[in-house]
Amino acid sequence: SRAHSVSIESFSLTDPAIVTSTAHRFKAGEVISISGVSGTTELNGNSYVIGAPVTANSFAIRSNPANVDIDASSGHSAYVVGGVVKLVSLGRASAGITAISQANPIQVTAAGHLFRNGDQCTISGVVGMTELNGATVYTIKKVTSTNFVLRNEADTANIDGTIAAA
């Protein structure tokens, strides 16, 4: 896996929103998370899809999972300093989820998912256990060709499905 994180050098309040980070190595379609931004704090704690344009030193961000450009030209606080962009997924998350266990840890069934141990993902479109949907980043463990287990982003604890709504 080429998981990595890079520092944000600037963020432009444009449509689409552009992140500047020298030699970032991200590619269009990859999923990232952003944290530690001062000023434009509404970026923190969310996941985004890398969108066009992508250059060696900058990239556009798109909403995840809707995959539409982020329009930062209005309604966003001015960027001040800092921030980290972390690779969440190499775009392997497109396999459909067919089951999620209400167990500890949560086990996800998604035949053909292509995840590897240590990959990270976000989840969307789950009916029942909807608290799993959204921008929360999960670490994937105990991978087989059809199943994987969800852990927290820092990979320090299992996600407990026994307290989730069915």
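All residue numbers in this chain count up from 1 along the given sequence.
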Requested in this report: Rounded to the nearest 0.5 Å, what's the gap from OH on Tyr48 to CG on Leu43? Could you check?
Outcome: 4.5 Å

Query raised in the report: Ser5 side chain to Lys86 main-chain N or O, any donor-acceptor pair under 3.5 Å?
Result: no

Report summary line: Minimal heavy-atom distance between Leu13 and Ala78, with the atoms involved, is CD1-CA, 3.8 Å

Query raised in the report: Does Gly82 offer a backbone N or O that forms a donor-acceptor pair with the side chain of Ser38 under 3.5 Å?
Result: no

Requested in this report: Determine the minimum heavy-atom distance between Arg62 and Asp69, stating which atoms define it.
Outcome: NH1-OD1, 2.6 Å

Query - Passing option when Asn158 is tested against Lys141, Lys142, Arg151 for side-chain hydrogen bond (donor to acceptor under 3.5 Å, both in side chains) - result: Arg151

Query - Main-chain N/O of Ser73 paired with Asp71 side-chain donor or acceptor, under 3.5 Å - result: yes

Query raised in the report: Out of curiosity, does Ile61 fall in the hydrophobic cluster containing Val6 (side-chain heavy atoms, cut-off under 4.5 Å, transitive links)?
Result: yes

**Report entry** Shared hydrophobic cluster for Val31 and Ile18 (ILVMFWY, side-chain gaps under 4.5 Å)
**Finding:** no

Requested in this report: Nearest 0.5 Å please: distance from the OG1 atom of Thr162 over to the CD atom of Gln102.
Outcome: 8.5 Å

Query raised in the report: How about Leu150 and Pro105: do any of their side-chain heavy atoms sit closer than 4.5 Å?
Result: no

Query raised in the report: Can you name the closest pair of heavy atoms from Ser7 and Ser21 and give their distance?
Result: O-OG, 2.7 Å

**Report entry** Where Ser35 and Asn44 come nearest, the two heavy atoms and their spacing
**Finding:** C-OD1, 3.2 Å

Requested in this report: Please confirm whether the backbone N or O of Val19 pairs with a side-chain atom of Ser58, one donor and one acceptor, at under 3.5 Å?
Outcome: no

Report summary line: In short, Ile32 meets Val85 closest at the heavy-atom pair CD1-CG1, 3.6 Å

Requested in this report: Can you measure from CD1 (Ile8) to NE2 (His24) and round to the nearest 0.5 angstrom?
Outcome: 11.5 Å

Query raised in the report: In terms of hydrophobic clusters joined by side-chain contacts under 4.5 Å, are Leu132 and Val108 together?
Result: yes

Query raised in the report: Looking just at side-chain N and O atoms, do Asn57 and Thr55 make a donor-acceptor pair shorter than 3.5 Å?
Result: no

Report task. On the 0 to 90° scale, with breaks at 30° and 60°, tag the Phe59-Phe26 ring pair as parallel, tilted or perpendicular. Result -> perpendicular

Query raised in the report: Do Asn46 and Ser63 come close enough that some side-chain heavy atom pair is under 4.5 Å?
Result: no

Report task. Check whether Val149 and Tyr138 end up in the same hydrophobic cluster, where Ile, Leu, Val, Met, Phe, Trp and Tyr are linked by side-chain heavy atoms less than 4.5 Å apart. Result -> no

Report task. Look up atom CD1 in Ile97 and atom OG1 in Thr109, then write down how far apart they are to the nearest 0.5 Å. Result -> 9.5 Å

Query raised in the report: Out of curiosity, Glu42 CD to His76 NE2, how far, rounded to the nearest 0.5 Å?
Result: 5.0 Å

Report summary line: Asn104 and Ile159 have their tightest heavy-atom pair at OD1-O, 4.0 Å

Query raised in the report: Is there a donor-acceptor pair closer than 3.5 Å between any side-chain N or O of Glu30 and the backbone N or O of Leu87?
Result: no

Report task. Please confirm whether the backbone N or O of Ser33 pairs with a side-chain atom of Ser47, one donor and one acceptor, at under 3.5 Å? Result -> no

Query raised in the report: Should Val126 and Ile140 be counted in the same cluster of Ile, Leu, Val, Met, Phe, Trp and Tyr side chains packed under 4.5 Å apart?
Result: yes

Query raised in the report: So how far is it from Thr41 OG1 to Ile34 CD1, rounded to the nearest 0.5 Å?
Result: 12.0 Å

